[in-house]
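Letters A, B, ... mirror the listed sequences (proteins, then strands); counts begin at 1. Note that the structure is predicted; figures quoted are calculated from it, not measured.
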Protein chains: 2
Amino acid sequence: MKNITIKDVAKHAGVSIGTVSKVLNEKGYVGKETRKRVSEAIKTLNYQVNANARSLKAIRTKKVGMIVSYISNYYLMSIAKTIEDTLRSMGCHMLVMSHNENEQTERELLQLILEQRVEALVLIPTGANKDLVQLVIDQNIPVILVDKKVEGITTDLIVDDNYYGSYESISYLQSLGHNRIGVIYGLLKNSVGKERLEGALDAIEKLNCSSDKNLIMPGDFNEIKAYESATELLLLPNPPTAIYCCNNTMTVGLLKAINDRGLSIPDDISVITFGDVAQWELVKPPLTLMTQPLKRIGVEAAILLKNRLTMEEDYSPIQLVIKPELQIRSSCAKPAFKHS
Amino acid sequence: MKNITIKDVAKHAGVSIGTVSKVLNEKGYVGKETRKRVSEAIKTLNYQVNANARSLKAIRTKKVGMIVSYISNYYLMSIAKTIEDTLRSMGCHMLVMSHNENEQTERELLQLILEQRVEALVLIPTGANKDLVQLVIDQNIPVILVDKKVEGITTDLIVDDNYYGSYESISYLQSLGHNRIGVIYGLLKNSVGKERLEGALDAIEKLNCSSDKNLIMPGDFNEIKAYESATELLLLPNPPTAIYCCNNTMTVGLLKAINDRGLSIPDDISVITFGDVAQWELVKPPLTLMTQPLKRIGVEAAILLKNRLTMEEDYSPIQLVIKPELQIRSSCAKPAFKHS
DNA sequence: TGTAAATAGTGAAACGTTTTATCAAAGTGG
DNA sequence: CCACTTTGATAAAACGTTTCACTATTTACA
C-alpha cells in the first residue's frame with residue numbers, strides 16, 4: 001500500500017513533476033488545460049502532499065508549538081483555542097503538549113519542539129529549563145511566554161497581574177471590615193504562586209490587618225492540600241472571618257471543607273477566589289472572585305504570535321501584564337460580630 | 001542564522017554523516033572513541049535533528065493526530081491528556097486540533113492529518129465527512145472514533161452508552177415518584193444528542209410518565225438556548241416536577257433559569273444532568289448526575305491506540321460502549337404535592 | 001515586422017536525513 | 001596461517017517535495 005507521490009500524479013497526467021508542484025502551490029505559469037488534467041489526476045489518485053517532504057525543502061513548516069502545564073485546564077485551553085483559530089486562519093497548525101509541571105518532561109518537550117522545526121512556540125513554562133528555552137530563542141524561533149515567566153529569559157511575555165489581583169482581593173475584604181483574613185496559597189516555586197502570595201501578604205501588612213502567621217496556609221495548587229489547610233484554618237480557636245484562595249482548584253477543596261464543617265458563606269465566613277469558571281456563578285452563594293481576562297490573554301497572544309510569524313526583522317520583546325478584574329457576587333459580607 | 005545539520009556535525013567530528021546518523025540512532029557499529037567525538041560535536045554545536053527530514057526517509061513520523069470538537073472542553077481534554085501521556089511513553093507526540101463542530105473545518109483538519117502522515121488518528125467527529133474519514137482509513141492509518149460515531153464507517157469506536165445513561169436518569173426520577181419530567185436535549189444531528197434524547201423518550205414512554213410534548217425542549221448543547229427552554233418549561237401552567245438535562249453546558253443555563261425564577265432545588269423542582277465536573281459537587285444542592293467514566297475512556301483509547309501503533313497486521317475493529325454511572329447527590333427528591 | 005515580455009513547461013539540484021552496499025581492519029578458531 | 005566473523009567507517013542512493021535555470025512558444029505593441 002505504497003503512498004501516492006507527486007511522481008505518480010505527474011505520470012498519470014503526462015506532465016513533469018515540476019508542473020504538478022506548480023499546480024499544487026498555485027505558483028508560476030500553468031496552462032488551463034494542463035492544470036485541469038493535473039487536478040483530475042490528483043483527485044482520482046487521492047493524492048496527498050507529504051507535508052514532511054514539503055517542509056524539508058521549503059523553510060516554512062507551518063507548525064507552531066504550544067506547551068502548556070495541563071492540557072485539561074480550562075483556563076489554558078481557552079487561550080489555546082483562540083490561538084489555534086488564529087493559526088488556522090494563517091494556514092498553520094498547532095502541536096499541543098503538556099508537561100504537567102514536571103521539569104524533566106518540559107525538557108523533553110522543548111527538545112521535541114526544536115526537532116520539529118516549529119515556527120514559533122507558545123510556552124506556559126514550569127519556570128525551570130532556562131537553558132533550553134534560551135536555546136530555542138537562539139534558533140530564531142519566536143517564543144511567547146504565557147501566564148508565567150522564566151527567570152533570566154527576555155522574550156515576549158503575557159501574564160496576569162497576579163500581585164495586583166491578590167492585593168485587590170485582600171483590599172476588598174478589608175474594605176468590608178475584615179481584619180482576620182485567611183489565605184490559602186499555591187506552590188511557591190511557581191512565579192504565579194509566589195506573586196499571588198506576595199500581593200496578599202503586602203496588602204495584609206499595608207492595610208493593617210492582623211498579621212497572624214497561622215492564617216497563611218499552603219494549598220499547593222491542589223484540592224486535597226487545600227482542603228486540609230482550610231480545615232485547619234476553620235478549627236483555629238480564633239478563626240479568620242474571611243478566606244482568600246489563590247486558585248480554582250484549591251477553592252474546590254476550600255468549599256468542601258467549609259461545607260463539611262457545616263459553616264455557611266458568607267454568614268460564618270467570607271470567601272473570595274482568584275480565577276473564574278462558569279460554575280462559580282452557580283454555587284450557593286455565587287462566588288466573588290478575581291477574573292483573569294481569558295479572552296483578552298488569548299487574543300493578545302494570538303495577535304502577538306501572528307506578528308512574530310509574519311515579521312521577518314528583529315524586534316524587541318513585548319511584555320504584557322494584564323490586570324484581572326474583581327467580580328463581586330455574594331460570597332463576601334461584613335464580618336459577623338464575634339465575642340473573642 | 002543557518003540551522004546546524006548533520007553535515008556540520010560530521011565535519012566538526014571528522015567523520016562521515018553516516019557515522020553521525022549511527023550515533024544518533026544508536027544503530028550499527030561505532031567505535032567508542034568516535035562515538036564520544038561525535039557526541040561532543042553535537043553538544044558544542046547544539047545540533048538538533050530535523051524531524052521532518054527524518055520522517056521523510058524513515059517511514060515512522062512519530063506523530064499521532066487528535067481532532068476534537070472543542071479544545072477547551074474539560075471532558076475531551078481529560079481524554080486527550082491520558083492519550084498524550086501514553087504517546088509520550090512511546091516516543092510519539094500529538095497534534096491536537098479542534099473543529100468546533102463545524103463540518104467544513106473538520107474537512108480541512110482531516111486533510112491536514114492526511115498531509116502530515118500521522119501514524120494514527122483519534123477523532124471526535126462531527127458525524128459528517130464520511131468520505132474523508134474513509135480516505136484516512138484507506139491510507140492504512142488507524143482511526144479511533146471517540147465519543148461519537150460516523151454513520152457508515154466501521155473502525156475502532158469508544159463511546160458512552162448515551163441511551164442507557166438517559167434511560168437510567170429518567171428511570172431514577174420516575175422511581176422517586178416523578179411523572180411529569182422535563183427534558184432539555186442537545187443537537188440532534190449529533191449522534192450523542194440523538195441517543196440521549198431517544199433514551200429519555202423511551203424511558204418516559206415505557207415507564208408510563210406523562211408524555212406531554214411540551215416538556216421536551218431543545219437546548220442545542222449551549223447555555224443560552226438551554227436557559228430559554230428551561231425558562232419556558234418553568235413558566236408552563238403545569239410545569240414539570242423534575243428536569244433532565246442532557247449535558248453540562250446546558251445545565252449551567254438550566255440552573256441559572258431556576259435561580260432567576262427564585263425556585264429551589266429539589267423542593268420546587270428536581271434536577272439531574274448528564275456529565276460530571278468538579279464544581280457540580282459544590283453547587284447547592286450538590287447535583288445528582290450521570291458520570292461519564294472519563295478516566296476509563298481515556299485509558300481505553302490510549303491502550304487501543306498503543307495496540308494499533310505497534311500491531312502491523314490487519315485487525316478487526318473494536319467497539320467499546322462504556323456505561324455511565326448514576327451519581328446520587330441531593331438535587332433530586334420526591335415531588336412535592338401539587339394541587340393542579 | 002521585430003523585439004521584448006508574458007506564458008507554458010521541463011529537468012535537475014537541493015533540502016537533511018536514513019539506509020544500503022562496500023570496504024578495511026581486527027579478532028577468532030581450527 | 002587461512003578463512004571466517006565481528007567491528008568500524010564510508011560513500012552514495014533514496015525519501016518527496018520545491019525551486020531555479022532553461023527552452024520554447026505565444027502575445028503585445030511601437
Side-chain angles (χ1 to χ4, degrees), chain A residues 1-39 41-42 45-63 91 111-112 114-119 139, chain B residues 1-39 41-42 45-63 91 111-112 114-119 139:
Chain A
M1 181 74 71
K2 206 66 200 58
N3 263 326
I4 310 284
T5 78
I6 204 173
K7 213 187 273 180
D8 303 313
V9 177
K11 198 180 301 170
H12 192 276
V15 296
S16 73
I17 64 171
T19 304
V20 177
S21 177
K22 280 200 273 187
V23 172
L24 248 26
N25 300 289
E26 293 170 340
K27 256 183 186 171
Y29 299 114
V30 180
K32 208 168 171 218
E33 179 53 40
T34 317
R35 184 188 306 282
K36 199 160 145 195
R37 272 216 320 288
V38 172
S39 299
I42 290 177
L45 294 181
N46 268 329
Y47 166 75
Q48 313 290 340
V49 285
N50 182 327
N52 298 113
R54 171 178 282 176
S55 41
L56 177 57
K57 181 64 190 178
I59 302 301
R60 305 220 32 204
T61 58
K62 304 264 189 181
K63 281 184 286 196
Q111 195 63 48
L112 211 63
L114 249 6
E115 292 178 5
Q116 288 291 323
R117 300 291 193 272
V118 298
E119 294 189 33
Q139 309 278 326
Chain B
M1 181 75 70
K2 207 65 201 60
N3 264 326
I4 309 284
T5 77
I6 205 174
K7 215 188 271 180
D8 303 311
V9 176
K11 199 181 301 173
H12 191 277
V15 297
S16 74
I17 64 171
T19 305
V20 177
S21 178
K22 280 199 273 187
V23 173
L24 249 25
N25 300 291
E26 295 169 338
K27 255 183 186 170
Y29 298 115
V30 181
K32 208 169 171 216
E33 178 54 38
T34 316
R35 182 187 308 280
K36 201 159 144 195
R37 273 216 319 289
V38 172
S39 298
I42 291 177
L45 294 181
N46 269 331
Y47 166 75
Q48 313 290 341
V49 287
N50 182 326
N52 298 112
R54 173 178 283 177
S55 41
L56 177 56
K57 181 66 191 182
I59 302 303
R60 306 217 34 200
T61 59
K62 304 262 186 183
K63 280 184 288 195
Q111 195 63 49
L112 211 62
L114 248 7
E115 293 177 4
Q116 288 292 322
R117 301 290 195 271
V118 298
E119 295 189 31
Q139 308 279 327

Mind checking which nucleotides bracket the chain A contacts on DNA chain C, 5' to 3', with an atom under 4.0 Å from a heavy atom? C:dA6 to C:dG16
Suppose we screen for side chain to side chain donor-acceptor pair (under 3.5 Å). Which residues come up paired with A:Asn52, at least two apart in sequence or across chains? B:Ser55
Taken in chain and number order and not counting sequence neighbours, the residues that satisfy side-chain contact (heavy atoms from CB on, under 4.5 Å) with A:Thr19 are A:Val15, A:Ser16, A:Val30, A:Thr34
My understanding is that only residues two or more places apart in sequence, or in another chain, count here; which of them pass side-chain contact (heavy atoms from CB on, under 4.5 Å) with A:Lys7? A:Thr5, A:Ile17
Tell me, please, which residues at least two apart from A:Ser39 pass side chain to side chain donor-acceptor pair (under 3.5 Å). none
Looking at five pairs on each end of the helix from C:dT1-D:dA30 to C:dG30-D:dC1, what is the angle between the two axes, given to 10 degrees? 30°
Taking only nitrogen or oxygen atoms into account, show me every contact under 3.5 Å that the protein makes with nucleotides 7-14 of chain D, one pair per line with its distance.
{"from": "D:dT7", "atom 1": "OP2", "to": "B:Tyr29", "atom 2": "OH", "distance (Å)": "2.9"}
{"from": "D:dA9", "atom 1": "OP1", "to": "B:Thr34", "atom 2": "OG1", "distance (Å)": "2.4"}
{"from": "D:dA9", "atom 1": "OP2", "to": "B:Gly31", "atom 2": "N", "distance (Å)": "2.5"}
{"from": "D:dA9", "atom 1": "OP2", "to": "B:Thr34", "atom 2": "OG1", "distance (Å)": "3.0"}
{"from": "D:dA9", "atom 1": "N7", "to": "B:Lys22", "atom 2": "NZ", "distance (Å)": "2.8"}
{"from": "D:dT10", "atom 1": "OP2", "to": "B:Ser16", "atom 2": "N", "distance (Å)": "2.8"}
{"from": "D:dT10", "atom 1": "OP2", "to": "B:Ser16", "atom 2": "OG", "distance (Å)": "3.1"}
{"from": "D:dT10", "atom 1": "OP2", "to": "B:Thr19", "atom 2": "OG1", "distance (Å)": "2.6"}
{"from": "D:dA14", "atom 1": "N3", "to": "B:Lys57", "atom 2": "NZ", "distance (Å)": "3.2"}

Can you sort out the partners of A:Glu115 under side chain to side chain donor-acceptor pair (under 3.5 Å), two or more places apart, ordered by chain and number? none
Would you mind classifying the nucleic acid contact of A:Thr5 as base, sugar-phosphate or nothing, using non-hydrogen atoms under 4.0 angstrom? sugar-phosphate
What nucleic acid atoms does B:Gln48 come within less than 4.0 Å of, heavy atoms only: base, sugar-phosphate, or nothing? sugar-phosphate
Name all pairs fulfilling the side chain to side chain donor-acceptor pair (under 3.5 Å) condition that reach into residues 21-30 of chain B, sequence neighbours left out, sorted by first residue then second. B:Ser21-B:Asn25
Under 4.0 angstrom between A:Asn52 side-chain N/O and D:dT17 OP1 or OP2: no
Might you work through the side chain to side chain contact (heavy atoms under 4.5 Å, CB included) test for B:Gln139 and B:Arg117, ending with a clear yes or no? CA-CA 9 Å; B:Gln139 308 279 327; B:Arg117 301 290 195 271; over 6 Å; no
Could I get the full list of side chain to side chain donor-acceptor pair (under 3.5 Å) partners for A:Lys63, not counting sequence neighbours? A:Gln116
Can you check the A:Lys27 NZ to D:dT17 C1' distance for me, whole Å? 12 Å
With a 4.5 Å cut-off on side-chain heavy atoms, are A:Leu24 and A:Ile6 touching? yes
Pairs involving residues 48-61 of chain B, ordered by first then second residue, that meet salt bridge (Lys or Arg N to Asp or Glu O under 4.0 Å) (sequence neighbours left out): B:Arg60-B:Glu119
